[in-house]
Amino acid sequence: MSPQEESDCPRFDQAHSFSSSDRRISALVRHLTVPTHASPMDSISAAPTSAFGTADSVFAHVVQAPEDPILGVTVAYNKDPSPNKLNLGVGAYRTEEGKPLVLNVVRRAEQQLVNDRSRVKEYLPIIGLAEFNKLSAKLIFGAESPAILENRVTTVQCLSGTGSLRVGAEFLARHYHERTIYIPVPTWGNHPKVFTLGGLSVKTYRYYDPATRGLNFQGLLEDLGSAPSGAIVLLHACAHNPTGVDPTLEQWEQIRQLMRSKGLLPFFDSAYQGFASGRLDADAQSIRMFVADGGECLVAQSYAKNMGLYGERVGAFSIVCKSADVARRVESQLKLVIRPMYSNPPIHGASIVATILRDRDMYNEWTVELKAMADRIISMRHELFDALRARGTPGDWSHIIKQIGMFTFTGLNSEQVAFMTKEYHIYMTSDGRISMAGLSSRTVPHLADAIHAAVTRMG
Ligand code: PLA
């Protein structure tokens, strides 16, 4: 491989185990290096003569991959015939009746789109719907953000939060001098995979303290303090997944000062704006602090949860730059990342979002529906806490009402989780995370019984 090819190859943190995705990349690298050594004749004579007409598949060596730790929970849930089964695995909002929710304002926007006969199905530009990008930047940075007014922000429509993170990773791997990204422990399980395959090398910083079930703020400051200057740091903008533990605004300010003094580059993952407090501006505070100081940062935004657009895959990726000139050039390079990946993003979901965000009345209706979702999640926290207290379940369960956002990080271990799944048909991730948005007043007693039994029998 030439040095250029070599530098284009993703790097891996040696401390990490050699996963199937790592193997996929190694296989790709081997594949790409073959033509320099092999002549066309080699490949003909090397072809196994028995490959055709035999029962053996050319993929016979492919091993069965494990299910995804989060989405696999739904696969197992779907197979369970029990009428009492409960899926608290994936973070997907459910109504009191346990049904998925399409927001009324989303239905209205869709109707408006369908009725508009002038709408066509042409390709969007590589960076997506221009109006969607503008409105998404306003939503996360604030309408009066100086970075927006000074045209220092570039925003591109991406495939929800995951796609935004992936595009960001690949851009950084190509154009940023420090390819190490620090992620919190624990974090969303897909983060290390997205960043590694995006070409970054992943390291971790301390975040959660199991003893206090709170933030390990000292550990966080120490780890970021000893990160190399320029390193990228992944920050959950609010409603940290899976712990539900967020820094206070004072702690955010200290994190900001430390990161800016060391030249660490913030990469925000904003998957839950509005879900933490029920207020869109409040949940964007952490990001806005980093923009207000004039420094640079990256933001991945998702509309999956706050607009309930999960399967529409709507998100935005922004880079706040020091100048409009840099932002323009950065955008031109983002296009080169996106074009060979999926060419351009889908039109429908982004049109829904733009329709809602541009219209004052629809925007207001959205904020009311969003607040109702956030409030229902908070009331589930109180109901579960009360139900455990009523049962006299051993332990301090106050973290259930203290934690923020969609999830409770219960502290249950993987044996207790397995017990609850087997005996009570309750499905959750093996780290003890439960999606509070999947609970209802009807199902709280069942969950409380299961937790009580798990703690008292498997304690
Ligand atoms: N970032 C964080 C912190 C997330 O929790 C999730 C989704 C995403 C990004 C990606 O969301 P998107 O691509 O759908 O916009 N986490 C979920 C779902 C809700 C999942 O794992 O895909 C979860 O259950 O953790």
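As the structure lists them, so they are numbered: ligands from 1, and atoms in each ligand from 1.
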Handout entry: Arg256, CZ atom: more than 12 neighbouring heavy atoms under 6.0 Å
Key = yes

Handout entry: Geometric class of the Phe171/His175 ring pair [parallel <30°, tilted 30-60°, perpendicular >60°]
Key =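 Ring orientation, 0 to 90° scale: tilted.
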
Problem - Set of residues satisfying ring-ring contact (aromatic ring centres under 6.0 Å, His included) with respect to His382, sequence neighbours excluded - result: none

Practice task
Consider only side-chain N and O atoms of Thr429 and Asp431, and report whether a donor and an acceptor are under 3.5 Å apart.
Solution key: yes

Problem - All salt bridge (charged side-chain N to carboxylate O under 4.0 Å, His left out) counterparts of Asp281, not counting sequence neighbours - result: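 Expected list: Arg288.
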
May I have a table of the N/O to N/O pairs between ligand 1 and the protein that fall below 3.5 Å, each row giving the two atom names and the distance to 0.1 Å?
from	atom 1	to	atom 2	distance (Å)
ligand 1	1 (N)	Asp269	OD1	3.4
ligand 1	1 (N)	Asp269	OD2	2.6
ligand 1	5 (O)	Asn241	ND2	2.6
ligand 1	5 (O)	Tyr272	OH	2.6
ligand 1	11 (O)	Lys305	NZ	3.3
ligand 1	13 (O)	Gly161	N	3.4
ligand 1	13 (O)	Thr162	N	2.9
ligand 1	13 (O)	Thr162	OG1	2.5
ligand 1	13 (O)	Arg313	NH2	2.8
ligand 1	14 (O)	Arg313	NH1	2.9
ligand 1	15 (O)	Ser160	OG	2.5
ligand 1	15 (O)	Gly161	N	2.8
ligand 1	15 (O)	Ser302	OG	2.6
ligand 1	16 (N)	Trp188	NE1	3.3
ligand 1	21 (O)	Trp188	NE1	2.9
ligand 1	24 (O)	Gly91	N	2.8
ligand 1	24 (O)	Arg433	NH2	2.9
ligand 1	25 (O)	Trp188	NE1	3.3
ligand 1	25 (O)	Asn241	ND2	3.0
ligand 1	25 (O)	Arg433	NH1	2.9
ligand 1	25 (O)	Arg433	NH2	3.4

Problem - Pairwise side-chain hydrogen bond (donor to acceptor under 3.5 Å, both in side chains) hits with a residue in residues 124-138, at least two apart - result: Glu131-Arg358, Ser136-Tyr303

